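Accompanying notes for the structure given below.
Since the model is a prediction, treat every value here as computed from it, not as a measurement.
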Amino acid sequence: MTKKYLITSALTYINGVPHIGHLAGAMLNADFYARFLRAKGEDVLFVGGTDVHGTKIEVGAAQEGLSLKDYITKYHEEHRKVYEGFELSFDAFGNTDSEQNKEMTWRIYEGLNKNGYISEKITKQAYCEDDKQFLADSQVGGTCPYCGYEKAKGDQCENCTKLLEPEELKNPYSTISGSHNIIFKDTKNLYIDMDKMQSHLESWVESKKGLWPDIAYTTAKKWLKEGLQARGITRDLKNGFSVPREGYEDKVFYVWFDAPIGYIGITKEWADKDPVNRHWEDWWQDPENVVHTEFMGKDNIPFHSIFFPGMLYGSGENWTQVSFLKGTSWLNFAGGKISKSEHRGVFLDDALAEFPADYWRYWILANSPESDDAVFSFENFTATINKDLNDVLGNFINRVTKMTVKDFGTNVPALGEITEAEKELYATLDTLIKQYTDHMEALEIRKALADLREIWVSGNNYIAKTEPWKAVKTDKARAGTILNTGLNLIRLFALLSSPVMPAKAQEILALFGKNKQVVWPEEKAEVLLQALKEGDSFVAPELLFQKITPERKEELKVKYKEGV
RNA sequence: CGCGGGGUAGAGCAGUCCGGUAGCUUGCCAGGCUCAUAACCUGGAGGUCGUGAGGUUCAAAUCCCACCCCCGCAACCA
């Protein structure tokens with residue numbers, strides 16, 4: 001039985017407007033990988049969506065005067081659209097508030113409970129009599145007992161940075177309503193006893209050493225080293241799933257608990273649409289045959305490497321656990337902290353309005369914050385787009401097609417005798433394509449993109465060496481051979497670029513007619529470069545990529561407050 | 001304070017695990033070519049590899065020690 005590939009990308013919280021950092025952290029890498037595997041003919045299920053539970057959503061809905069349901073629908077849809085704009089090829093896309101997810105959440109909870117991993121604890125929590133609700137630590141304001149700062153929060157004082165408990169605050173008030181009518185009430189909540197899983201998780205994480213990226217492995221190890229503790233899984237809130245247990249009628253599962261289960265819930269929701277052909281169990285309960293790769297930003301690593309695996313393990317079922325955990329660092333903005341209200345930084349809707357999605361995809365993947373935080377700047381963006389996409393790739397396509405049309409018309413010229421120059425090209429490509437493919441399989445994204453660029457360069461190199469513009473004057477058949485090879489290179493470049501720039505790849509393949517299907521090139525270069533035959537017609541394109549002018553660059557820097 | 005990541009040519013990065021003439025892209029300079037988006041190809045200059053005339057070694061960017069700087073995280077934040 002062949003392996004199946006389950007790919008999940010961290011769900012985005014709908015409270016915020018997504019920016020390029022979200023794309024770089026999880027979704028784009030995941031899409032890149034999914035497209036690559038599909039092209040190779042693998043069985044892939046790419047799951048993504050939004051996370052819609054928790055306090056912030058509740059507050060957001062109240063502020064906009066919408067019901068929870070309407071608020072969730074509105075923002076979920078907004079996120080979905082923008083991801084579509086970036087050509088993210090999710091097979092299953094949903095949110096965490098579905099019936100299916102509730103079913104899975106309850107199922108995992110019951111399993112944990114049956115196996116003795118759930119306990120009950122009573123704690124004191126701030127309750128506002130005017131708001132008629134419990135407040136999260138950070139929703140409690142007051143005067144810091146250490147420095148006297150009047151706007152300290154219940155978890156930490158921003159002024160003196162001391163860590164606080166809400167009860168320590170003098171003159172506490174609700175940051176929701178401003179009411180000072182705060183009391184501290186006993187409340188009981190359910191906890192998952194992570195400490196009981198410590199040794200199991202330790203050996204499991206240890207088995208990932210050398211397999212996972214350093215950042216994922218070290219982060220997981222850090223948490224284990226500090227010792228796992230019981231963690232609350234219910235809360236005194238409204239926005240979330242109800243808890244199937246007596247005495248918990250006014251509480252819901254805490255968002256972190258049902259959010260990762262959302263991957264499973266979303267898969268089931270997808271499967272339920274076509275119950276004959278789709279089975280969620282094929283993906284989530286078949287660890288022997290499913291390779292599960294998770295993509296996320298570094299903030300999410302603890303949840304995916306420790307808590308979620310622990311939840312699945314503790315539930316006692318045979319779940320598909322994560323095989324490869326691709327955690328990435330942050331993509332920051334050169335102008336400072338990205339902020340929608342201050343209109344600083346690049347948000348995804350703005351990004352699409354400025355440039356085609358593929359420009360962003362190329363830049364972000366080429367500069368993926370894999371080992372360290374990366375910085376986006378229009379300075380760098382402009383240089384990269386102009387150089388790589390325009391001068392190297394775009395110009396190659398343009399020079400080859402223009403030359404061919406001028407001397408041979410719009411049909412592919414005959415491939416004549418193969419010379420040393422072609423053999424050298426074949427050898428170079430065989431090496432580079434192998435390297436590129438290997439880097440993609442290992443999810444070394446920056447390196448893969450550097451390989452791709454080098455592959456494009458090899459085309460220009462070949463043309464520079466063979467000089468078809470000279471050959472055409474003395475030996476037209478030879479010129480035909482070179483341009484035949486050049487046209488085949490264009491097609492090959494499109495195939496190889498498709499995981500990075502799907503739309504541009506399609507545009508290029510369309511020049512050569514009907515067969516636009518992306519099949520990963522696995523034959524020898526000599527074979528790959530004979531796909532287009534003598535007489536096949538093609539269309540000479542207009543410029544496929546447009547340069548960003550210095551003026552435009554300056555405008556963008558001002559508009560998005562770069563370096564301010 | 002603690003923990004994690006980082007500090008390598010003007011800029012952005014690889015190399016560090018398994019010590020052995022310091023690499024890539026861009027930028028800069030020169031040459032080639034003139035089919036092409038003033039593009040393409042070739043060559044060159046440019047680095048005390050954060051600091052310590054520290055330790056180990058025949059040999060250290062790479063291992064050990066101390067210190068400095070930057071970024072992030074600390075579990076009712078999702």
Side-chain angles (χ1 to χ4, degrees), chain A residues 10-16 51-57 96 123 125-126 134-140 154-156 161 163 166 187 189 194 209-210 214-215 218-219 221-223 225-237 254-256 259-260 297-303 306-307 329-330 332 366-367 369-375 377 379-380 383-384 386-407 444 446-447 449-450 453-454 457 459-465 467-472 479 482-483 486 542-547:
Chain A
L11 307 180
T12 47
Y13 202 55
I14 59 164
N15 193 49
D51 181 6
V52 301
H53 285 154
T55 321
K56 285 185 184 169
I57 308 294
T96 54
T123 53
Q125 194 168 0
F134 283 99
L135 302 175
D137 286 3
S138 60
Q139 290 177 315
V140 185
D155 49 355
Q156 184 172 23
T161 73
L163 296 177
T187 177
N189 276 299
M194 297 301 302
K209 188 176 185 177
D214 283 352
I215 188 172
T218 55
T219 304
K221 287 295 272 188
K222 176 197 154 198
W223 281 70
K225 196 175 148 198
E226 289 174 6
L228 299 177
Q229 291 175 23
R231 193 181 162 92
I233 61 167
T234 60
R235 268 190 105 177
D236 297 277
L237 281 177
Y254 184 36
V255 51
W256 77 263
K298 62 183 175 185
D299 56 330
N300 260 318
I301 291 172
F303 290 91
I306 303 286
F307 297 112
S329 291
W330 303 130
N332 296 316
N367 294 279
E370 287 180 294
S371 56
D372 194 12
D373 290 355
V375 177
S377 69
E379 202 66 56
N380 190 303
T384 305
N386 287 352
K387 187 70 193 174
D388 294 359
L389 297 188
N390 285 278
D391 296 348
V392 177
L393 177 62
N395 180 49
F396 175 77
I397 295 169
N398 195 40
R399 69 198 295 208
V400 169
T401 51
K402 283 247 172 78
M403 234 185 303
T404 309
V405 169
K406 193 172 118 229
D407 297 322
E444 298 249 28
R446 288 177 94 122
K447 288 180 183 172
L449 272 275
R453 197 197 116 96
E454 216 177 321
V457 168
N460 279 317
N461 226 320
Y462 170 72
I463 295 296
K465 268 185 203 144
E467 302 182 308
W469 55 88
K470 280 187 186 165
V472 77
I482 297 164
L483 293 171
E542 295 300 306
L543 293 184
L544 286 164
F545 298 95
Q546 300 291 331
K547 285 202 187 190

Below 3.5 Å is the cut-off: list the nitrogen or oxygen pairs between protein and nucleotides 6-9 of chain B, distance only.
residue	atom	partner	partner atom	Å
B/rG6	O2'	A/Asp372	OD2	3.3

Between the protein and nucleotides 69-72 of chain B, which nitrogen or oxygen pairs come in under 3.5 angstrom?
residue	atom	partner	partner atom	Å
B/rC71	O2'	A/Asp373	OD2	3.1

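Nucleotide B/rU16 is matched to nothing when pairs are restricted to Watson-Crick or G-U wobble geometry with both distances under 3.5 angstrom. Within the shown strands, nothing qualifies as a pairing partner of B/rA38 under the Watson-Crick or G-U definition with both distances less than 3.5 Å. For B/rU21, there is no paired base (Watson-Crick or G-U wobble, both distances below 3.5 Å). Nucleotide B/rG4 has B/rC71 as its partner under the Watson-Crick or G-U criteria, with both atom distances under 3.5 Å. Nucleotide B/rG43 forms a pair with B/rC29, judged by Watson-Crick or G-U wobble geometry with both contacts under 3.5 Å.
B/rG12 and B/rG19: their P atoms are spaced 30 Å apart (whole Å). The C1' atoms of B/rC76 and B/rC63 are separated by 44 Å, rounded to the nearest whole Å. Comparing B/rG4 with B/rC58, their P atoms sit 33 Å apart, to the nearest whole Å. When the C1' atom is compared between B/rA61 and B/rA14, the two are found 12 Å apart, to the nearest whole Å. Nucleotides B/rC49 and B/rU8 have their P atoms positioned 11 Å apart, rounded to a whole Å. When the C1' atom is used for both B/rC17 and B/rU42, the distance is 37 Å, rounded to whole Å. One C1' atom belongs to B/rC28, the other to B/rC65, and the distance between them is 41 Å to the nearest Å. For B/rU48 and B/rG5, the C1' atoms lie 26 Å apart once the distance is rounded to whole Å.
Residue A/Arg453 places at least one side-chain N or O under 4.0 Å from the OP1 or OP2 atom of B/rU26. Look at A/Lys387 and you'll find a side-chain N or O under 4.0 angstrom from OP1 or OP2 of B/rC40. Applying the 4.0 Å criterion to OP1 and OP2 of B/rG15, one finds that A/Lys447 has a side-chain N or O inside that range. Neither OP1 nor OP2 of B/rG4 sits under 4.0 Å from any side-chain N or O of A/Lys221.
Within 4.0 Å (heavy atoms only), A/Asn300 reaches at least one base atom of the nucleic acid. Across all strands, A/Gln229 comes closer than 4.0 Å to base atoms (heavy-atom distances).
Out of B/rU37, B/rA75, B/rC33, the shortest distance to the side chain of A/Arg231 is found at B/rA75. Candidate nucleotides B/rC41, B/rC76, B/rU34 were compared by shortest atom distance to the side chain of A/Asn461, and B/rC41 ranks first. The side chain of A/Arg399 lies closest to B/rC40 when the candidates are B/rU37, B/rC40, B/rC13. Checked against B/rC76, B/rG12, B/rA75, the side chain of A/Tyr254 finds its nearest nucleotide in B/rC76. Each of B/rC40, B/rG12, B/rC35 was ranked by its minimum atom distance to the side chain of A/Met403; first place goes to B/rC35.
For A/Leu11 and A/Leu389, each mapped to the nucleotide of RNA chain B holding its nearest heavy atom, the one lying further toward the 5' end belongs to A/Leu389.
Here the side chains of A/Met194 and A/Ile306 are in contact, with some heavy-atom distance below 4.5 Å.
Put simply, the side chain of A/Asn390 and the base of B/rU37 share a donor and an acceptor less than 3.5 Å apart.
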